[in-house]
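Letters A, B, ... mirror the listed sequences (proteins, then strands); counts begin at 1. Just the heavy atoms: all of them, side chains too, but no hydrogens, waters or symmetry mates, feed the values below.
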2 protein chains.
Amino acid sequence: MVEIKNSLPMQDTQTTEQKIIEAAKSVFIEKGFDGARMQYIADRAGINKASLHYYYRSKEKLFDTIFIEAFNDFMPKVSLIIASGSSLFDIIRAFCAHYIDGLMKHPHLPVFVLHELSRRPEKVIEMLRKTGIKPQMMNTIIEKEVSESKIIEINYKHLIINIISLCVFPFVGRPVVQGFFFGGDTEEYSRFLEERKNKVADFIINAIKK
Amino acid sequence: MVEIKNSLPMQDTQTTEQKIIEAAKSVFIEKGFDGARMQYIADRAGINKASLHYYYRSKEKLFDTIFIEAFNDFMPKVSLIIASGSSLFDIIRAFCAHYIDGLMKHPHLPVFVLHELSRRPEKVIEMLRKTGIKPQMMNTIIEKEVSESKIIEINYKHLIINIISLCVFPFVGRPVVQGFFFGGDTEEYSRFLEERKNKVADFIINAIKK
DNA sequence: TAATAATTTTACCATTCGGTTAAATCATCT
DNA sequence: AGATGATTTAACCGAATGGTAAAATTATTA
């Protein structure tokens with residue numbers, strides 16, 4: 001709402017607005033919309049609850065801001081990878097590596113986004129439009145490889161969803177998977193995820209190559 | 001708490017307890033723990049809110065009951081399929097078909113379970129133990145096929161997680177995927193899921209066969 | 001039928017939560 | 001300094017929510 005002039009004696013490096021966003025993000029992602037408390041967000045930001053409302057009139061408004069940011073973090077920047085002009089196999093490899101890597105830095109993102117997505121599915125379509133991502137782009141590449149007989153015939157929708165499934169699910173299902181296969185050992189699970197960057201790509205390529 | 005004698009003039013086929021469980025299940029799965037309201041559950045069960053507390057002292061207690069049931073619905077009965085003594089490929093085919101089919105009947109289950117799992121991960125380990133499922137069982141089968149050179153070398157953990165990922169994710173990410181690839185068309189998406197029963201199995205088998 | 005136990009309902013309570021008001025504080029500009 | 005506008009704070013509000021007490025009703029048993 002108001003620009004802060006960064007004059008010399010700046011005690012706090014963060015503006016109040018930044019502190020709010022950071023706090024709200026962590027609380028919403030941790031607790032979900034219904035579980036999050038405005039008071040708790042204010043506490044974590046180190047400000048008064050009324051100040052919170054001063055910047056973001058309502059919980060909904062604050063949430064929307066956070067959600068858009070989280071959603072964009074969650075959606076991989078696939079267009080950049082595609083634009084590189086690489087082969088399909090290299091695109092798949094780059095995608096898996098980048099996406100899993102990104103999620104490892106924000107492991108709670110998938111659960112948050114997917115849960116809140118189900119809560120208000122209407123908003124999704126609108127947000128998806130804004131990303132500008134078109135499945136068509138991938139379709140073109142895949143169809144070409146199919147017609148050149150480099151890969152088996154496969155519906156591009158299935159392929160894309162398969163790729164995303166294999167990357168995302170281990171984060172959504174982390175508590176189950178980690179508890180089940182790794183006796184709850186977090187570090188071992190991290191190594192496992194790290195391993196998946198290549199293993200998932202290999203798996204996919206194996207499944208579609210001729 | 002008390003058995004109801006099914007004497008002849010039984011107006012309502014369901015006992016109050018059954019009505020509560022059914023209502024609570026649908027509400028919790030729809031709204032999550034924080035989003036669910038006891039009043040709303042009572043309404044949907046067609047009873048008084050105080051009656052709800054008469055049967056289940058607290059929201060927590062009621063939720064636990066529901067969650068255990070939902071969790072068991074969510075966890076596929078894989079031991080039955082394995083016990084059939086079929087080949088690995090047939091096990092994979094049967095698993096995908098059964099699991100996707102089961103989830104199609106309860107499409108909201110995955111989001112609910114996975115979200116509440118992240119909310120209280122401690123409970124998971126305990127519940128997993130109770131299922132009696134041991135990843136070892138699958139490991140034995142997979143190792144055997146590997147040593148017989150019927151499939152490529154693959155870490156059984158990756159393989160199992162891949163299988164589950166491909167089956168579950170389209171339900172967790174439904175709003176995104178459906179909105180993105182199918183313009184929100186529910187029926188078309190159902191057909192797509194139906195198709196996946198076979199396509200996913202084919203994909204996996206292709207990826208691991210020699 | 002009378003007594004006893006189980007169930008349901010009404011009315012209510014304490015707390016929590018999102019949000020507001022208005023006063024106080026701080027920064028900026030003239 | 002004094003005026004003006006931005007920001008922060010304390011105190012508060014009304015609605016909603018989980019939960020309870022006790023009366024009313026409905027079986028069940030003796």
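- Under 4.0 angstrom from either OP1 or OP2 of D:dT8 there lies at least one side-chain N or O belonging to A:Thr16.
- The interatomic distance linking B:Lys61 (NZ) with D:dG18 (P) rounds to 16 Å, in whole Å.
- Applying the 4.0 Å criterion to OP1 and OP2 of C:dT7, one finds that B:Tyr54 has a side-chain N or O inside that range.
- For B:His53, the side-chain atoms get nearest to D:dG18 when compared with the rest of D:dA6, C:dG18, D:dG18.
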### salt bridge (charged side-chain N to carboxylate O under 4.0 Å, His left out) between A:Glu194 and A:Lys199, intermediate numbers included
CA-CA 9 Å; A:Glu194 184 68 39; A:Lys199 286 279 167 70; over 6 Å; no
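- With respect to A:Lys25 and A:Asp73, a salt bridge is recorded, a charged nitrogen being found less than 4.0 Å from a carboxylate O.
- A salt bridge between B:Arg44 and B:Glu30 is present, with a side-chain N of the basic residue lying under 4.0 Å from a carboxylate O of the acidic one.
- Using a 4.0 Å cut-off on heavy atoms, the residues of residues 32-40 of chain B that approach DNA chain D are B:Ala36, B:Arg37, B:Met38, listed by number.
- For the pair A:Phe63 CZ and C:dG19 P, the computed distance is 13 Å after rounding to whole Å.
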### Task
Report the C-alpha separation of B:Tyr189 and B:Phe182 in whole Å, then their side-chain angles, then the decisive distance to 0.1 Å, and conclude whether the ring pair (Phe, Tyr, Trp, His ring centres under 6.0 Å) test is met.
CA-CA 7 Å; B:Tyr189 196 63; B:Phe182 301 95; 5.4 Å; yes
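- Between B:Lys59 atom NZ and D:dA16 atom P the separation is 16 Å, expressed in whole Å.
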### Query
Can you list the steps and then say if B:Asn162 with B:Ile204 is a side-chain contact (heavy atoms from CB on, under 4.5 Å)?
CA-CA 8 Å; B:Asn162 288 353; B:Ile204 296 163; 5.9 Å; no
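- Geometrically, A:Lys157 does not engage B:Phe192 in a cation-pi contact, judged by NZ or CZ lying under 6.0 Å from the ring centre and within 45° of the ring axis.
- Rounded to an integer number of Å, the gap from NZ of B:Lys31 to C1' of D:dT17 is 15 Å.
- Cation-pi geometry between B:Lys59 and B:Phe33 is satisfied (NZ or CZ under 6.0 Å from the ring centre, within 45° of the ring normal).
- The distance from atom OH of A:Tyr55 to atom C1' of C:dG19 is 18 Å, rounded to the nearest whole Å.
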### Message
Run the side-chain contact (heavy atoms from CB on, under 4.5 Å) test on A:Phe169 and B:Leu166 for me, step by step, so that the C-alpha distance in whole Å, both residues' side-chain angles and the decisive distance to 0.1 Å come before the verdict.
### Response
CA-CA 8 Å; A:Phe169 183 81; B:Leu166 292 166; over 6 Å; no
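- Taken residue by residue, residues 42-52 of chain A places heavy atoms nearer than 4.0 Å to DNA chain D at A:Asn48, A:Ala50, A:Ser51.
- Separating the CG atom of A:Leu62 from the C1' atom of C:dC17 is a distance of 15 Å, rounded to the nearest angstrom.
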### Message
Quick one, A:Arg37 with A:Lys31, criterion side-chain contact (heavy atoms from CB on, under 4.5 Å). Give me CA distance, side-chain angles, the key distance, then yes/no.
### Response
CA-CA 9 Å; A:Arg37 300 285 162 249; A:Lys31 311 266 187 182; over 6 Å; no
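- In this structure, CZ of B:Arg57 is placed 15 Å from C1' of D:dA21, rounded to the nearest angstrom.
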